[in-house]
Amino acid sequence: MDCIDPPKSVQSIPMNIAFGHSNMDIDCLGSLLLVKKLFPDYRLVKSNLIHPAARKLYTLYQDYFDFLNPEELQGERIDHIIIVDTCTAHRVKEYFNHIKHSDPMIRIMDHHNLESCDILGAAVEGGPYGATVSYLGKLAMTQGIALRPEEATIALAGIYADTGRLTYENVCRADYEVAAYLLDMGASLRLVKSFLENIIEDDQILILNQLLLVASTSNIQGHRILLSYLELEDQVEGLAPVVEKVMDVENPDAYFAFFFIPKKKTLLLIARSRRARIDLHELLYVYGGGGHQAAAAVTLKHQDGPGFYTQFLAYLEGSLKPAIRAKDIMTRNVHTIRDNLSLLDAALFLESKDLTGVPVVNDQGKVSGFLSLRDIMKGRKAAQMHSPVKAYMTKNVVVSEGHLTMREVERIFYKHHIAHLPIVEEGRLVGVVTQWDYLQYKKASAQ
Ligand SMILES: [Mn+2]
């Protein structure tokens with residue numbers, strides 16, 4: 001052969017490329033798919049690391065995406081770049097390491113803290129969406145782009161993955177709008193669900209079973225804390241979803257899962273919290289780890305596993321903010337009535353105060369009953385509105401004390417089917433926790 005290949009470093013046709021962050025996740029893949037539809041002249045570049053949660057989807061669709069490796073950018077002239085799902089320079093370093101002799105225009109589409117973007121010269125767009133897919137999905141909707149069912153499925157998986165199936169606090173209206181558009185395009189919820197299933201390996205299932213056996217709960221500062229300590233022969237991938245599964249089963253306020261690999265003297269602590277008061281990032285930051293309030297982890301080398309476990313428990317005991325208790329959320333200055341009041345006067349009183357029920361107290365301030373609208377209704381039906389309250393009130397009222405944790409309050413509500421829980425101190429009424437108080441607490445404090 002006498003023809004000579006042109007030197008690789010002098011590519012005359014400039015390229016447009018798009019990529020997501022290193023360790024590509026499902027939102028990344030979904031976003032890149034939409035880039036492919038919206039900007040057909042862009043080539044997609046893959047990260048050399050795929051997040052474990054996205055591997056299934058990536059493996060099934062790698063032909064569809066037709067990714068370039070970052071190394072293949074070497075020597076190419078790049079004119080335009082679209083970066084999705086990150087605006088942080090160190091998360092796209094693996095691509096820029098190979099981009100030389102180019103001065104590309106960079107467009108970023110993201111849903112993370114956009115104002116803290118440190119990729120210089122880039123034009124940033126997006127906003128506080130639950131997923132980057134939702135931003136790109138809005139663009140696709142505006143342009144009337146049609147998707148095939150498989151494409152819609154991948155995109156929807158991105159929204160579901162980043163929003164905890166549309167339940168996290170980051171969810172906004174656009175996430176639902178784009179989800180609806182993707183359903184119209186034939187997205188399969190059954191497939192989405194299977195892509196999100198991330199406990200698939202045998203060793204993950206084995207560890208799940210072991211954790212369920214060894215995990216135990218402790219009461220620390222009024223919180224129900226789940227703890228487990230497990231020694232592993234070697235590193236296991238995908239432990240976080242296993243820990244989350246145990247969390248779902250046991251439903252504690254927070255879970256601290258310790259994994260120790262003796263031969264490497266390495267300790268991995270994975271933590272999850274369901275209470276705003278338990279800030280895991282703050283707790284693990286002290287050990288050089290972190291994440292966010294509800295999910296954090298730390299890896300420690302040169303450790304004595306059992307020793308660290310004991311030491312960490314003492315640290316938790318001293319650092320956890322006390323749990324919220326009935327006295328913290330109860331309504332104080334409660335209205336009360338006496339049992340010799342007529343039902344009619346009691347009804348007028350409830351109406352004037354806009355109440356659905358009221359504790360009945362005696363001369364000593366002790367709770368002797370509870371009168372609800374339902375009790376009054378019974379009196380009205382029997383044409384007994386001039387009867388005294390004591391004839392129709394609920395006697396044997398369930399009362400509690402202020403130190404009860406919210407978990408205990410919850411249990412009482414459900415067990416006794418009541419909507420008001422009078423709180424007494426030394427027998428005297430000091431407040432009431434209503435279902436409304438309880439729901440406000442749930443909204444503010446629980447995940
Ligand atoms: Mn994302």
Side-chain angles (χ1 to χ4, degrees), residues 18-39 44-58 61 65 67 81-95 106-119 122-141 151-179 181-182 187 192-193 195-196 198 238 240-241 244 281 290-297 447:
F19 47 77
H21 51 77
S22 283
N23 208 13
M24 286 200 292
D25 60 12
I26 298 183
D27 187 27
C28 252
L29 289 171
S31 301
L32 289 173
L33 174 136
L34 290 173
V35 168
K36 198 171 147 98
K37 303 299 287 189
L38 283 156
F39 308 94
L44 306 182
V45 188
K46 79 178 191 64
S47 165
N48 281 321
L49 262 177
I50 316 285
H51 192 280
R55 264 179 220 158
K56 200 166 167 181
L57 204 148
Y58 170 78
Y61 292 101
F65 281 105
F67 282 115
I81 299 179
I82 292 175
I83 300 176
V84 297
D85 207 28
T86 184
C87 52
T88 307
H90 83 260
R91 299 190 79 194
V92 287
K93 223 176 116 216
E94 66 170 316
Y95 310 98
I106 303 176
R107 198 169 160 186
I108 295 177
M109 301 175 184
D110 189 23
H111 69 130
H112 299 103
N113 305 318
L114 304 184
E115 60 289 342
S116 64
C117 176
D118 64 351
I119 300 171
V124 184
E125 57 196 283
Y129 297 90
T132 301
V133 162
S134 299
Y135 175 68
L136 281 144
K138 288 287 276 184
L139 293 182
M141 284 168 76
E151 295 170 330
T153 301
I154 297 169
L156 188 58
I159 296 180
Y160 269 42
D162 265 32
T163 61
R165 307 178 191 208
L166 295 168
T167 64
Y168 292 166
E169 304 223 345
N170 62 2
V171 173
C172 67
R173 186 191 168 85
D175 300 310
Y176 283 98
E177 285 174 34
V178 174
Y181 152 74
L182 295 171
V192 167
K193 206 174 146 211
F195 295 151
L196 295 183
N198 45 20
E244 280 158 18
H281 177 74
H292 39 95
Q293 177 267 319
Q447 273 108 29

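Computation of the quantities below employed the complete heavy-atom set of this structure, encompassing side-chain atoms and omitting hydrogens, waters and symmetry-equivalent molecules. Order of appearance sets the numbers: ligands from 1, and atoms from 1 within every ligand. Please read these numbers as outputs of a predicted model, since none were measured by experiment.
Proximity of Gln293 to His281: side-chain heavy atoms (C-beta onward) are nowhere separated by under 4.5 Å.
Sorted by first and then second residue, the salt bridge (Lys or Arg N to Asp or Glu O under 4.0 Å) pairs involving residues 127-139 (not counting sequence neighbours) are Lys138-Glu177.
Residues Pro128 and Cys172 approach most closely at O-SG, 4.0 Å, considering heavy atoms.
Checking side-chain atoms of Asp27 against main-chain N and O of Val133 turns up a donor-acceptor pair under 3.5 Å.
The Mn ion (ligand 1) has Asp27 OD2, Asp85 OD1, His111 NE2, Asp162 OD2 as protein N, O or S atoms under 2.8 Å away.
Side chain to side chain, Asp162 and His111 meet the donor-acceptor criterion of an N or O pair below 3.5 Å.
Classified by interplanar angle (parallel below 30°, tilted 30° to 60°, perpendicular above 60°), the ring pair Phe195/Tyr61 is perpendicular.
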